[in-house]
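What follows is a short report on a single structure.
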2 protein chains.
Amino acid sequence: MKRKQRSRIRWNLRQEILAFIARWYRQERTYPTVREIQRGLKISSPSVVAYHLRRLEEEGLIDRIGRRSRGIRLRRWPDGLAPEEDMIPIPFLGPIAAGEPIPHPDAEPLGWIRIPRSWLADGDDLFALRVQGNSMIDALVGDGDLIIVRPTPEVEDGEMAVVWLRDRHETTLKRVYREKERICLRPAHPIMSPLYVPAEVVQIQGKVIQVLRNLNGISLPAER
Amino acid sequence: MKRKQRSRIRWNLRQEILAFIARWYRQERTYPTVREIQRGLKISSPSVVAYHLRRLEEEGLIDRIGRRSRGIRLRRWPDGLAPEEDMIPIPFLGPIAAGEPIPHPDAEPLGWIRIPRSWLADGDDLFALRVQGNSMIDALVGDGDLIIVRPTPEVEDGEMAVVWLRDRHETTLKRVYREKERICLRPAHPIMSPLYVPAEVVQIQGKVIQVLRNLNGISLPAER
DNA sequence: CTTGACATGGAACAAATGTTCGGATAAGAT
DNA sequence: ATCTTATCCGAACATTTGTTCCATGTCAAG
């Protein structure tokens, strides 16, 4: 009498399933169903998939969300390379130039730039400015660069800050060092000499978190 | 005889549905089902949702993938702000410093950095280097900066390139201008004077696509 | 060889999910 | 008021999807 040949045990099937889920997500931007895994890996029964999914969950490699369809989630991605990542929208407020005060942080954004969450310590309350002109070149920031700023009236010693100099009506980027009666504004460029000004002249607008420079013709903030 | 009060027509329900889908995706990292939309927006029947989804598809605002569960896709996101985006992995090859040649582009990566796809013209064949020291400061690139490079032996006039100077055994970043017999290497810093060298001395390693500087203590390439 | 942990197969069930249909209603246009 | 279009509603239906159960098989270790 004819007996169906049972297929050989695939001892690394759980790894295959993990890889399949990642592959499927990359392509479809959604997670596969049990039966999609079954068909994709030529598994004979959904129960086999269910069995391995349960084991994977016990091993802490995946999460499952109740009984919802497509409720599988990868805990860690193979190679640590998640295909997508949270992007935090940051308002783009406009230009920053030597002779002009920066736009007010609460102003209506001219556009948005999105930064991967993992690039920032915490995503609250940032904004982006585009540098105009070469006046901040001693901060190693050139024309067209984009800077990400956290608005704050105080920074730690040595941090790069957006500074408004009341007496000169000028915006600049400098490293700030507090001294007794005065404040030392030090350029990032090591051969440039520092500037010493009275404390009451300095108005700190925010702390520079990041500098982005694109040389391939793509301008980052998606103006709309 | 008692008649159930029919709710008022919500003339902007389709917009509500669009916003709901975006919100749901942001939170759950997956698309909602018809009935999840129904419950979330307190709609009386799944047929109402189905009706509006059909209309949204006709208007080209969403796509639907067959009859699969969670087969709704947003064509455009409200405000153009997709919560996630493709991140392209770029190999991090190591340091770049004045006295050293850069690592070979095919070398084993020391880590990976992920860049949003929209920040790059095309994602093929890039690598990342971390700048060591202040030797490239006249290119407005400082110690610790990360540069994204496309390896190529040729660049257009005026483009920023990674250059190996054979005679000095030195790596540098300069804007390259071809002249008759010689090549002009111009610093990004406008007050620095250009360097003229014979063409055979210059070996172009690649074109600088992007410069990233993080001042908040997070180092971008996730070394593993 | 025997044993036991682990993996597979098939079927059925229950729940979730997408769809269809006819009729009713709301609201703007004429 | 009448007409017309768009919308809403409830129910039922057809698939899809997750799950369970039990029998059976594989294979490495002892």
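A quick note: this is a predicted structure, and the numbers were derived from the prediction, not measured. A note on names: the letters A, B, ... follow the listed sequences, proteins ahead of strands, and every chain is numbered from 1.
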Of B:V48 and A:W11, the one whose closest DNA chain D nucleotide lies more 5': B:V48
Among B:I37, B:L41, B:L13, side chain to side chain contact (heavy atoms under 4.5 Å, CB included) partner for B:V49: B:I37
Out of C:dC21, D:dT26, C:dG9, whichever nucleotide has its closest atom nearest the side chain of A:I9: D:dT26
Using atom types as modelled, flag every donor-acceptor pair under 3.5 Å from a side chain in residues 90-109 of chain A to any protein atom, sequence neighbours excluded.
residue: A:H104; atom: ND1; partner: A:D106; partner atom: N; Å: 3.0

Nucleotide C:dT19, atom C1' - distance to CD of B:E57 in whole Å: 13 Å
More than 12 heavy atoms from other groups under 6.0 Å of CD on A:E58: yes
Sequence neighbours excluded - ring pair (Phe, Tyr, Trp, His ring centres under 6.0 Å) pairs with any residue from residues 26-49 of chain A: A:Y25-A:Y31
Criterion side chain to side chain contact (heavy atoms under 4.5 Å, CB included) on B:L56 and B:I72, from CA distance to verdict: CA-CA 10 Å; B:L56 283 169; B:I72 305 170; over 6 Å; no
Integer-rounded Å distance: D:dT19 C1' and A:Q38 CD: 13 Å
Proximity to the side chain of A:S44 - top-ranked nucleotide from C:dT19, C:dC21, C:dT8: C:dT8
Phosphate-side-chain proximity, A:H52 and C:dT8, N/O vs OP1/OP2 below 4.0 Å: yes
Check: A:W119 ring centroid to B:W119 ring centroid under 6.0 Å: yes
d(CZ, B:R8; C1', C:dA26) in whole Å: 10 Å
For atom OH of B:Y31 and atom C1' of C:dG18, their distance in whole Å: 18 Å
Between P of C:dT8 and CG of A:N12, the distance in whole Å: 10 Å
Interatomic distance, A:I65 CD1 vs C:dA16 P [rounded to whole Å]: 15 Å
Derivation and outcome, side chain to side chain contact (heavy atoms under 4.5 Å, CB included), residues A:L215 and B:K207: CA-CA 9 Å; A:L215 302 161; B:K207 172 186 167 185; over 6 Å; no
Sugar-phosphate, base or nothing in reach of B:R54, heavy atoms under 4.0 Å: nothing
Sugar-phosphate only, base, or nothing, as touched by B:L13 at under 4.0 Å among non-hydrogen atoms: sugar-phosphate
Spacing between A:E16 atom CD and C:dA7 atom P, to the nearest angstrom: 13 Å
Check the interface with nucleotides 14-18 of chain D: list each N/O to N/O pair with the protein under 3.5 Å, or write none.
residue: D:dT17; atom: OP1; partner: A:R70; partner atom: NH2; Å: 3.3
residue: D:dT17; atom: OP1; partner: B:S69; partner atom: N; Å: 3.4
residue: D:dT17; atom: OP1; partner: B:S69; partner atom: OG; Å: 3.4
residue: D:dG18; atom: OP1; partner: A:R70; partner atom: N; Å: 2.9
residue: D:dG18; atom: OP2; partner: A:V34; partner atom: N; Å: 2.5
residue: D:dG18; atom: N7; partner: A:R35; partner atom: NH1; Å: 2.5
residue: D:dG18; atom: O6; partner: A:R35; partner atom: NH2; Å: 2.8

Length of the CG-P vector between B:L53 and C:dT17, whole Å: 14 Å
